[in-house]
Structure formats: structure tokens, C-alpha cells
There are 2 protein chains.
Amino acid sequence: MGTTTGRTASRPGTSPAEPKYWQLRTALTDALDAEFSVGQVLPDERTLAARFGVARATLRQALDQLELEGRLQRRRGVGTTVAPPRVGVDVSPAGQTWPGAEDDPWTVTGLTAVGAPPAVARALDVPRGTPLSLVGRVLVAAGQPVAIERLYAPPGPRPAAGADEVLAALRDQPLEGQDRSVELGSADAEQSRGLDRLPGSPVLLVTTRYTAAGQVAAVSLATYRADTCRLTFALAGSAAAPVRVGHRP
Amino acid sequence: MGTTTGRTASRPGTSPAEPKYWQLRTALTDALDAEFSVGQVLPDERTLAARFGVARATLRQALDQLELEGRLQRRRGVGTTVAPPRVGVDVSPAGQTWPGAEDDPWTVTGLTAVGAPPAVARALDVPRGTPLSLVGRVLVAAGQPVAIERLYAPPGPRPAAGADEVLAALRDQPLEGQDRSVELGSADAEQSRGLDRLPGSPVLLVTTRYTAAGQVAAVSLATYRADTCRLTFALAGSAAAPVRVGHRP
DNA sequence: TAGTGGTCTAGACCACGCT
DNA sequence: GCGTGGTCTAGACCACTAG
């Protein structure tokens, strides 16, 4: 890996043009493309910083970028490795189905009785604190947990009913529609634990509202690891161009 | 705004539990919910850092989080303000239509003749460097540019044809399908200029492949500001539950 | 020109995974 | 224990905006 960066000179009297960490990012990107293969470990941060002649904090700013872009993977106590391509996760409806249908790849992790949190209360159009069932689920791809879901639905017919019963109760209703939104967020303490990340890691927050009988019947808040995931949508009519599920060499 | 943070004591001999910047983020989030309204300017970073008894770098780490979550907006030379709720941008197909159809909200910004970059060449399944038309477009919402698109398509019938002609040529073909993917990225120098952001700002990268005549006919790379945007999908059958534009209590 | 956020430095210590 | 990445400090200077 080269040591020279100087593509924007930033001599005294010249406009700095691009910040150092951005030049570093570019240099590292090129190096990754040219000289590194997936899974390979990079030199440690102190060494890299010295090699590029910058402070460690500046180098870290560049590595932060590359991690955000899914090019690098950093693990405390281990090192920094070249990340595999992002896993493509299909989030298209694949027909109008309730969660927990036939080929649903999610795994139930638990069931809790909760009062509707503000955001959920708003989406379900019920008063906040309304008793709800909270079904926890996790999505595993390529051997790693890539997403965590909190599914809020009306409580099952009996207390202490299993999560499967809650999902079955939903499936008993005709599903009229669903809408989804995707936005950037950061993992809270609980989520970061489930996703094997540190608190504050960038995540893609997917909110799904399921409607039945003319009203919102369930709300799902799914949190995807932004570093390792690519969300794919196979839209109507695209059967001729199936979306591939991600791969890891 | 309160000064006390200490929810995880971190006394000597105690496990730090949560890093300071995370506690700060929580404290600031609560303060934003309780005591601030949209558009209000926060005290400057040096003042805030002093008030919380941390170094400015640590405070900035917390502010970075909040900006990533779309809660704050920072402008150099001006200050930090409370951000409005994210703008909901519909990215669902709204029927199978080519770009540039009737009610397409995008605005053409330019047309260039380019050779296919590697990523585009792969998606279109043509050799890299194949001559293509590159149509630049921008999406404006709430008075601000929220997304930039690069649309790659076969060159128009004549050289120097207008962007409209390139789009019209696409519309002449029957659209068989499209698929989309969403992932996290960072804005390059050019994009950051167009989106009025600094290089490296987090963006949502939406890739769309349009298929016609049994093959991919065009590829669109759209870059959305992750701080201000929420991508919404109105899925089939959800006509009864239109997606609202974002709100925050 | 004053005040803001953005960049950068040179250190220190901590938490974690491995050996 | 050792080496890794993660956190934190206390400064400095720069780029930009606005009065």
C-alpha cells in the first residue's frame, strides 16, 4: 500500500481543497481495490497512521467512512479486515403476506406484553400505553444476524399465548395492504447487542404497517445492519429479473 | 437543558457501562424532545461541551449521532439547529413507468456522453467503457435538493440529442420490470456539492434496473440525503392506507 | 471581524479477543 | 499479557457565514 497521498497539495497559500481524511479515504479505497482481497487484515491503525503521516484520529476518520460504505469491518481486540460484498436482503412483499407466513426467513426470539410506545401508538392509531403483544424476531443471513424486528400487534386471545399464536391471529384476517419506509438510524443499546455491533452503529430502519379491516393491524420496526446489508425490492412485473440473494465468497 | 448526565455512574472500580458520548446523546435527545422546537438554534459546541463537562470532540461525537438520526442540522459558520422531521419521499413504482413519465417529480440537469463505469457495465451487462448517455437529474422537496440521480441508458439515435430525447427513446419500449436496492453510502465530492452537504455525508443509495426486451435497458443510481429523507414504498394493495409525510411530536 | 462548525494533532487510557 | 480497536482529552488552526 502506497504512502503518497498528495493529490491536493494544500501548500501554504493554496486552498486546502479536500480534507486529509477524504484524501486518505480515496487512497485507501484505491488500495483496497488494487491490492487487497476479502477477509484480508489491514495493518493496525497506529501503523497505518504512521505510514500515511497523520494522527491516528485522522486515519480513523477515513476508516469510519470506509466502514460506513461497507468496505471494511473492524472488530475490537482483533483488527480491521476487508469486508465481503453486502448481503442483499429481499424486503419486497413477495405477494401480500403477513409476517410468519410459509417461507418467512425470520426467526421468533420472544414474546412480551407491552404498552404501546409513542411512535407505535401513532402508527397503530391507538392511545399510547395500549396493551400490545411485542414479538421479537431476528433475521440471519450468511451465518450472521443482519436484522432485528419488533412486531407490535393486538394481544393474543389469551394471556401468555405464544408468539406463534399472535402471528396466527394476524393471518386469520385478510391482509388488505402494507406500506414500508426506509430511513437511516443508529442502533440503541439493545439492538446493537443483538446485531453484534457497538451502540450507535448505523442501521437501516424499516417500518412496515399492515392494514386489515380498514385499519392498521400491526406495525413492524425492523433494524438492519447498514454496513453489511443491501435492501432489495423486486417490484411488480420484475419476475424476469429476479433479485439475487447476497453471497459471501 | 440540564447539565447532569450521570445515569451510568462509571465511578472508579465500576464498569463504564456506556460511553460518555452515548450518555450525552441520550441526554440531548431527551432535551430536544422536552425543551426544543424545530428550527431552534442550540448553544455552540464549545459552550455545550463546557456545560456537560466533556471535551469538544466528545460532544461532537454525540452531535454526529443526532445529525445521523436526522434530529439536528449543523451548518458551518452558522450553528446547530433542531431539524424538521424527515421528508417522506415516495420511491415506489406507482405503476410500471419509465423515468420522465407524466408526473415524474425529477428535474433534468444535464446530459453527457460517457463510457460505462464498471458498476454500471455490470448492471447493464455490457463491456465497461461502452458508450452510454448519462442523464443527470435532481429531486427537490420542501425547497431543498434531496436527491441526485445518474441515469445510464443507451445513447440516443443522434449525437448531441437532448436528455428528453434519451428518456423518450426509453418510453418507446414496453417496460417489462424493474428492481431496486437501497444501501448506505457516503456522498462523493460532486454529489455533496449538489446536495449542499460536505463530502462524506451519509446518503441512501438507490439503484434501479429497468428491464425491457428481456434485458436491462437502463440503470439509475440515485443518491438521497440520509439526514433529511425517509424513503417510502406504497406496496400493492395499500391504496387504502396512503403513506403520510413524516411527522414528529 | 467575530463566532460558528470542521479538521487535525499528540498524546492517554480502556475494553476486548486472543494466546 | 499483549495487541487490537474504542474512547477521551486539551489544545490548535482553518473555512465559512453573517453583522
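Values reported hereafter were calculated over all heavy atoms of this structure, with side chains retained and with hydrogens, waters and symmetry mates removed. Chain naming here is simple, since letters A, B, ... match the order of the sequence lines and numbering starts at 1 in each.
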Pairs: protein N or O with nucleotides 9-11 of chain C N or O, under 3.5 Å:
from: C:dT9; atom 1: OP1; to: A:Lys20; atom 2: NZ; distance (Å): 3.0
from: C:dT9; atom 1: OP2; to: A:Ala55; atom 2: N; distance (Å): 2.8
from: C:dT9; atom 1: OP2; to: A:Thr58; atom 2: OG1; distance (Å): 2.4

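In this structure, A:Arg60 reaches the bases: a heavy-atom distance under 4.0 Å links it to at least one base atom across the strands shown. Across all strands shown, B:Leu198 has heavy atoms under 4.0 Å from sugar-phosphate atoms exclusively, and none from any base. Using a 4.0 Å heavy-atom distance criterion, A:Arg75 is classed as a sugar-phosphate-only contact.
Applying the Watson-Crick and G-U wobble criteria (two distances, each under 3.5 Å), C:dC16 pairs with D:dG3.
When the C1' atom of C:dG17 is taken as reference, atom CG of A:Asp44 falls 15 Å away, rounded to whole Å. In this entry the distance linking CD of B:Glu45 with C1' of D:dC14 reads 14 Å, nearest Å. Spacing between atom CG of B:Leu63 and atom P of C:dT4 amounts to 14 Å, rounded to whole angstrom units. The nearest whole Å value for the distance from the CZ atom in A:Arg25 to the P atom in C:dG6 is 19 Å. Between the P atom of D:dG5 and the CG atom of A:Leu72 lies a distance of 11 Å, rounded to the nearest Å. Rounded to whole angstrom, the span from the CD atom of A:Gln23 across to the C1' atom of C:dG6 amounts to 15 Å. Between A:Glu18 atom CD and C:dG6 atom C1' the separation is 15 Å, expressed in whole Å. One atom, CG of B:Leu42, and another, P of C:dT4, lie 12 Å apart when rounded to the nearest Å.
Under 3.5 Å, the side chain of A:Arg76 and the base of D:dG3 form no donor-acceptor pair of N or O atoms.
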Handout entry: side chain to side chain donor-acceptor pair (under 3.5 Å) assessment of A:Thr208 paired with A:Arg180
Key = CA-CA 4 Å; A:Thr208 309; A:Arg180 239 159 229 185; 3.0 Å; yes
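Between the side chains of B:Thr81 and B:Gln73, not a single donor N or O lies within less than 3.5 Å of an accepting N or O. For the 3.5 Å distance criterion, the side chains of B:Arg197 and B:Ser192 fail to qualify, holding no donor opposite an acceptor.
For B:Val78, the side-chain atoms get nearest to D:dT17 when compared with the rest of C:dG5, D:dT17, C:dC16. Picking from C:dC8, D:dG5, D:dC8 the nucleotide with the shortest atom distance to the side chain of A:Gln61 gives C:dC8.
Between B:Arg71 and B:Asp33 there is a salt bridge, with a side-chain nitrogen of the basic residue lying less than 4.0 Å from a carboxylate oxygen of the acidic one. The pair B:Arg25-A:Asp188 does not meet the salt-bridge criterion, since no charged nitrogen lies less than 4.0 angstrom from a carboxylate oxygen.
Atoms OG1 and CG, on A:Thr29 and A:Leu72 in that order, are 8.5 Å from each other to the nearest 0.5 Å.
Among residues at least two apart or in separate chains, salt bridge (charged side-chain N to carboxylate O under 4.0 Å, His left out) pairs with a member in residues 138-151 of chain B are B:Arg137-B:Glu149.
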